[in-house]
Peer 1: 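Dumping the structure here so I can ask a few things about it.
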Amino acid sequence: MFRAFISIRNASSHSYQKTLRLPKTKFPNRSNLQKAFDQLIPQSSQQIYTQQYDELIVKLSKISECPDSMKLDFLRDNVFILHDGPPYANGDLHLGHALNKILKDIINRHQLLNGKHVVYIPGWDCHGLPIELKALNKLNDKLDTISPMKIRSIARAHAQKTIKAQKEQFEQFGILTDWKTRYLTMDPKFEINQLNVFQELFKRNLIKRQRKPVYWGTETKTALAEGELEYKEDHVSTSAYVKFPLTEKSKEFLDVGAIPTYLLIWTSTPWTLLSNRAICFNESLQYVLLRFNNEYLILEKNLAENLSFISGYEVVKSLDPKILSGLSYTNPLVKDDIARPLFHGDHVTSTTGTGLVHTAPGHGHEDYTIGIQNSLEVYSPVDHEGRYDLNELPFHLQTYFKEEESGKGCKVLDTHTTKKIIDLLDKENMLAHHHEYIHSYPYDWRSKKPIVIRATPQWFADLHDIKSSALRALEDVKFFPERGMNRLTSFIKNRNEWCISRQRYWGVPIPSLHKRDDPDTVLMNEETLSHIIKTIESKGIDAWFAESTEESMYEWLPEKYHAIAKDYYRGTDTVDVWFDSGTSWHVIADWYKSIAGLKSQLPEPLADVYLEGSDQHRGWFQSSLLTKVGSTGIDEAPYKKVITHGFTLDENGIKMSKSIGNTISPLAIIKGDDKRKLPALGVDGLRLLVAQSNFTSDIVAGPTVMKHVADALKKFRLTFKFILGNLQESTEFELLPFSELRRIDQYTLLNLKILCEETQKLYNQHNFSNVLTQVQYHMNNDLSALYFSVIKDSLYSDSLTSSKRRSIQTTLFHIFDAYRSIMAPVIPLMVQEAWNYIPKEWFGKSPRNSLSGVETAFTMQWCNSLREIPDSNENLLHSFSNNELKLLSSFTQKFNTLDNVTKPLQLKVTLYCQEPELLPFTREEIEDLLQVGELVIETGSQSDLPYLELSSTTVQLKLEESVLHKCPRCWKHNSPNEDTLCHRCEEVINDS
């Protein structure tokens, strides 16, 4: 009998479940990767970009006949341009690429939500050594006979293939752009623009050709700029203390008699001793003549005391530094008996060495300066492979430094070469001491091999005259983080020249013409440059690299030079790739001219934002600034703001590297990797991983971090699903005015508006991680723990015509709009998917935005619906917090002490108050808030109950198990009879 009763009761309860309005939506519980690629990415990215861009073009056409000043005002107010620093077109994308592109996309999408039209043209850096090496590797043993044209053809094909592959991978990140409109540094128009920048620099006398020491990659066989160096802190060199004998005339001057007398120098590059042309001292230091092992040594006094290998010496006398300039010495290594001089040098210090510095003008920048000042030979007997050039060495050393196997000169950095030099020094009685020396040394950032410094004829951009202009331009640039300002300015301050020539084929040529019988004689002037650029524009840049026959040279020179054309050939040097990408600001300048229609004036700066890794302070940020300021003569950077991000680390804090094997590809994050225990995060998960990190330092990726991201992503999806599920059914589909909403709805919306304002500020500060912190806190506390819990009963049980339910649905729509705005930049696919499932009726009869009547989640203005909500209502916020929420907190504490009741809806709560008319809430509102079965407000007080001080009045709470019965529909204990509906549910059933 009892079981039968239970069955009847359950059947009755079950039958009423069908009358509840439980959340109902087709918005899926999980993301679908194929759907993301096929539908959601196009909807939320390319289509949106094209639509908003087309609308911009329409607007521009309407002001096409207006003066530039009016167009400029329009562009400043309506257009946002983030200029894409071009990734290198070689290899697959890594997590650093995803970090960079997603950060840019977040900024662009936020600007779009704030009413700007976004112009974002993705680019690729296409020239340079790594791609050329890929081309050469395909040619194998044909290297000696292959033509530059063939190398360029293979390199171009490799770049094109890589760009296609990288573009397809970039598309998977959900980037807001039109991938068909892009720029490549190997595009003919880009190359011509770059040559025009070179010409402008030449006109300003900033381009020079000199034979001087440059950083040289011995593996890559080309000159390098400072920005292409990486310093290895634990490089090991063999350092030597070397004795150079004074000439007999100098010995007589010092009155040392027949005792051998030497200048003691210290060097960490013994291979440069063959190129020694002088020794430098500093007039401000103290020098001594000391006796050791029946020899005299000259060196700095304080440094002598630190040299353990000459302990027990005797100081013979102090030497006035000025007399050192009258001394001379010889270099027995080369056996030429030429008297070498001594010069003062400010670079000589008393911190290391001996206070005397061996000077080889062909192998050091400071040495070169001293050499030029004193007319020394710039001698550098080292070839492009980093080997001794046997033809340049003294005859007696040619066999000594010749490799048996190759027949070439020894590589100067090899240990066996160093041993040969040490042995030679010992043989000539020049070696005082040698030891291993660990120090910082420059490496080629591409080959990861140590470089040499060697003198070769190179092209330089003279930065002396434009440094001050560049630094002034940076005064108007904002940096995020701010430390980037000091980093970039320090690089510029310490740079006087920029070696812009490279000895490669895959690049833009330096348009120089060289005398056939004297290659150091160069023909280059404004007239020849203009003619060459026009010729390249008509024939294509590959034509420059064809064989320079005498007959072919006529077309490369203006007619006035045809009489001597056959005497010249086209130079083979190409331009540094940093110069390549550094001139990409022309892409934005061209857009303003050809698309925006500006004729006489361009916006300054050209771009709103440059965003790249922090390593670009020495690279692209710098080269962009220098080419812009140098070629235009205007103290204006190409960017308003410079934003930098760090690198990607594994969960052990180690930088991701292929050589270590700790890299994680973007696709492994999107699709997951079971072997590495990486959960599949999808496209939005990858983006959320980037956004939740403090990108100004480094971002960490790994299984633990990815699991947290997956959890956060799930919460966002459940929040959208709950909102959508409760917005599907309504009789009106009309938003109620704020004044008609319940207090809890008003309180929720006021807090929601504060969230929108705070996250807006954080987006403007590029503090994306705190945006997520704020919204996640709001979602977990204001929504899940409070508002959603309170409203479920009304949403599920009230009638569609209920004013309370309409108030709740109005609030839910505002929450949806706010979360759409805040999360659209970070997880656009989920936002787009949610947008696809929201009933169109909620937006009224008019289009949701002005985008040609097309409704999108990304062009509707930021928190659009909340514009109708008061900006602030401190009284209501304070009142609700100090009345309802305080009451809720007290109730929760009391409820947790009860033993016989498990759910609030089983309770009857009595609220005692001496002045109930002072309570700001209604009985029904507080009953909903506490989610109890029954609530009664009584006038008066109870002596056995504690008092609760609200801001409006004093109350007492009494909690007791309800004597009423459980309603089989809403499950509240508020029904007068067993297994019968409560009053509210009965009305809903009867009215339906």
Side-chain angles (χ1 to χ4, degrees), residues 85-88 90-91 94-97 99-100 125 127-134 213-237 268-269 271 363-365 384-386 411-414 437-454 458 483-484 486-488 490-504 576-582 612-624 626 644-650 653-663 697-699:
Y88 196 58
N90 188 37
H94 52 70
L95 189 54
H97 288 107
L99 167 65
N100 180 266
D125 196 359
H127 293 131
L129 182 64
I131 294 175
E132 183 169 338
L133 292 178
K134 286 283 180 69
V214 294
Y215 300 112
W216 189 270
T218 59
E219 297 291 321
T220 53
K221 302 179 184 63
T222 185
L224 302 169
E226 292 95 328
E228 296 173 292
L229 305 179
E230 293 178 347
Y231 283 83
K232 187 177 181 183
E233 300 300 323
D234 58 352
H235 179 82
V236 179
S237 296
S268 60
T269 55
W271 60 270
H363 295 295
H365 303 303
H384 65 292
E385 293 182 335
K411 290 188 174 182
V412 298
L413 294 181
D414 281 358
Y437 175 55
I438 300 175
H439 62 124
S440 176
Y441 191 87
Y443 277 56
D444 181 346
W445 73 288
R446 291 189 180 94
S447 69
K448 309 300 180 184
K449 300 292 184 181
I451 59 94
V452 297
I453 298 177
R454 63 184 285 255
Q458 298 290 341
R483 62 179 178 268
N486 292 332
R487 184 171 168 81
L488 183 52
S490 66
F491 277 120
I492 293 172
K493 286 178 180 177
N494 295 323
R495 194 173 187 185
N496 294 316
E497 292 178 324
W498 174 7
C499 179
I500 62 170
S501 51
R502 297 292 181 270
Q503 288 65 55
R504 311 305 307 182
D576 175 19
V577 291
W578 290 116
F579 194 97
D580 255 27
S581 59
E612 298 301 327
S614 56
D615 56 333
Q616 295 307 320
H617 289 114
R618 69 176 184 177
W620 189 58
F621 297 146
Q622 189 180 160
S623 63
S624 299
L626 295 175
T644 50
H645 60 76
F647 301 99
T648 54
L649 310 177
D650 65 19
I654 300 173
K655 184 179 177 181
M656 289 188 180
S657 168
K658 285 184 179 179
S659 60
I660 299 175
N662 65 340
T663 59
S697 52
D698 297 312
I699 77 160

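These numbers were taken from a predicted model, which means no experiment stands behind them. Excluded from the calculations below are hydrogen atoms, water molecules and symmetry mates; all remaining heavy atoms, backbone and side chain alike, are included.
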Peer 1: Can you sort out the partners of Glu230 under salt bridge (charged side-chain N to carboxylate O under 4.0 Å, His left out), two or more places apart, ordered by chain and number?
Peer 2: Lys448

Peer 1: State, with a plain yes or no, whether a side-chain heavy atom of Val452 is found less than 4.5 Å away from one of Trp271.
Peer 2: yes

Peer 1: Are Asp125 and Trp620 linked by a side-chain donor-acceptor pair shorter than 3.5 Å?
Peer 2: no

Peer 1: Can you name the side chain to side chain contact (heavy atoms under 4.5 Å, CB included) partners of Ser447, sequence neighbours left out?
Peer 2: Glu219, Thr220, Asp444, Lys449

Peer 1: If you compare all heavy atoms of Cys499 against all heavy atoms of Val214, which two are closest, and at what distance to 0.1 Å?
Peer 2: SG-CG1, 4.0 Å

Peer 1: Is it the case that the side chain of Asn494 and the backbone of Ser490 share a donor-acceptor pair, with hydrogens and angles ignored and the cut-off at 3.5 Å?
Peer 2: yes

Peer 1: To the closest 0.5 Å, what do you measure between CH2 (Trp445) and CG (Leu129)?
Peer 2: 9.5 Å

Peer 1: How many angstroms lie between CZ in Phe647 and NE2 in His94, if you round to the nearest 0.5 Å?
Peer 2: 10.0 Å

Peer 1: Is any side-chain heavy atom of Asp576 closer than 4.5 Å to a side-chain heavy atom of His127?
Peer 2: no

Peer 1: Quick one, Lys221 and Gln503 - any side-chain contact, counting heavy atoms below 4.5 Å?
Peer 2: no

Peer 1: Is there a side-chain contact between Leu488 and Arg618, using heavy atoms and a 4.5 Å cut-off?
Peer 2: no

Peer 1: Measure the spacing between CE of Met656 and OG1 of Thr648 and express it to the nearest 0.5 Å.
Peer 2: 5.0 Å

Peer 1: Test side-chain contact (heavy atoms from CB on, under 4.5 Å) on Thr663 and Leu95; report intermediate values, then the result.
Peer 2: CA-CA 8 Å; Thr663 59; Leu95 189 54; over 6 Å; no

Peer 1: Excluding sequence neighbours, so at least two apart, what forms side chain to side chain contact (heavy atoms under 4.5 Å, CB included) with Leu649?
Peer 2: Lys655, Asp698, Val700

Peer 1: Work out which heavy atom in Glu612 is nearest to a heavy atom in Gln616; give both atom names and the distance.
Peer 2: CB-CG, 3.6 Å

Peer 1: At their closest point, which heavy atom of Gly646 faces which heavy atom of Leu99, and how far apart are they?
Peer 2: O-CD2, 3.6 Å

Peer 1: For the residue pair His97 and Pro87, what are the closest heavy atoms and their distance?
Peer 2: CD2-CB, 4.0 Å

Peer 1: Quick one: ring-ring contact (aromatic ring centres under 6.0 Å, His included) partners of His617, sequence neighbours excluded?
Peer 2: Phe621

Peer 1: I need the Tyr443 OH to Tyr231 OH distance, nearest 0.5 Å.
Peer 2: 12.5 Å

Peer 1: Tyr88 versus Ile131: any side-chain heavy-atom pair under 4.5 Å?
Peer 2: yes

Peer 1: Who are the side-chain hydrogen bond (donor to acceptor under 3.5 Å, both in side chains) partners of Ser623, not counting sequence neighbours?
Peer 2: none

Peer 1: Just by distance, no angles: are the side chains of Ser501 and Gln458 close enough, under 3.5 Å, to form a donor-acceptor pair?
Peer 2: yes

Peer 1: Any side-chain heavy atom of Asp580 sitting closer than 4.5 Å to one from Trp578?
Peer 2: no

Peer 1: Could you pull out all residues at least two apart from Thr644 that satisfy side-chain hydrogen bond (donor to acceptor under 3.5 Å, both in side chains)?
Peer 2: none

Peer 1: With sequence neighbours left out, what residues match His384 under side-chain hydrogen bond (donor to acceptor under 3.5 Å, both in side chains)?
Peer 2: none

Peer 1: Using the test side chain to side chain contact (heavy atoms under 4.5 Å, CB included), find all partners of Ile453 that sit at least two apart in sequence or belong to another chain.
Peer 2: Pro213, Tyr215, His365, Ile451

Peer 1: Apply ring-ring contact (aromatic ring centres under 6.0 Å, His included) to Trp216 and list each qualifying residue two or more places apart in sequence or on a separate chain.
Peer 2: none

Peer 1: Got Phe491 and Gln622 here, is their nearest side-chain heavy-atom distance under 4.5 Å?
Peer 2: yes

Peer 1: For Arg454, which residues count as a salt bridge (charged side-chain N to carboxylate O under 4.0 Å, His left out) partner, sequence neighbours excluded?
Peer 2: none

Peer 1: Going by ring-ring contact (aromatic ring centres under 6.0 Å, His included), name the residues that satisfy it together with Tyr437, two or more places apart in sequence or in a different chain.
Peer 2: Trp266, His439

Peer 1: Mind checking side-chain hydrogen bond (donor to acceptor under 3.5 Å, both in side chains) for Asp650 and listing every partner two or more places apart, or none if nothing turns up?
Peer 2: Asn662

Peer 1: Evaluate Ser237 against His235 for side-chain contact (heavy atoms from CB on, under 4.5 Å), listing each step before the verdict.
Peer 2: CA-CA 7 Å; Ser237 296; His235 179 82; 3.3 Å; yes

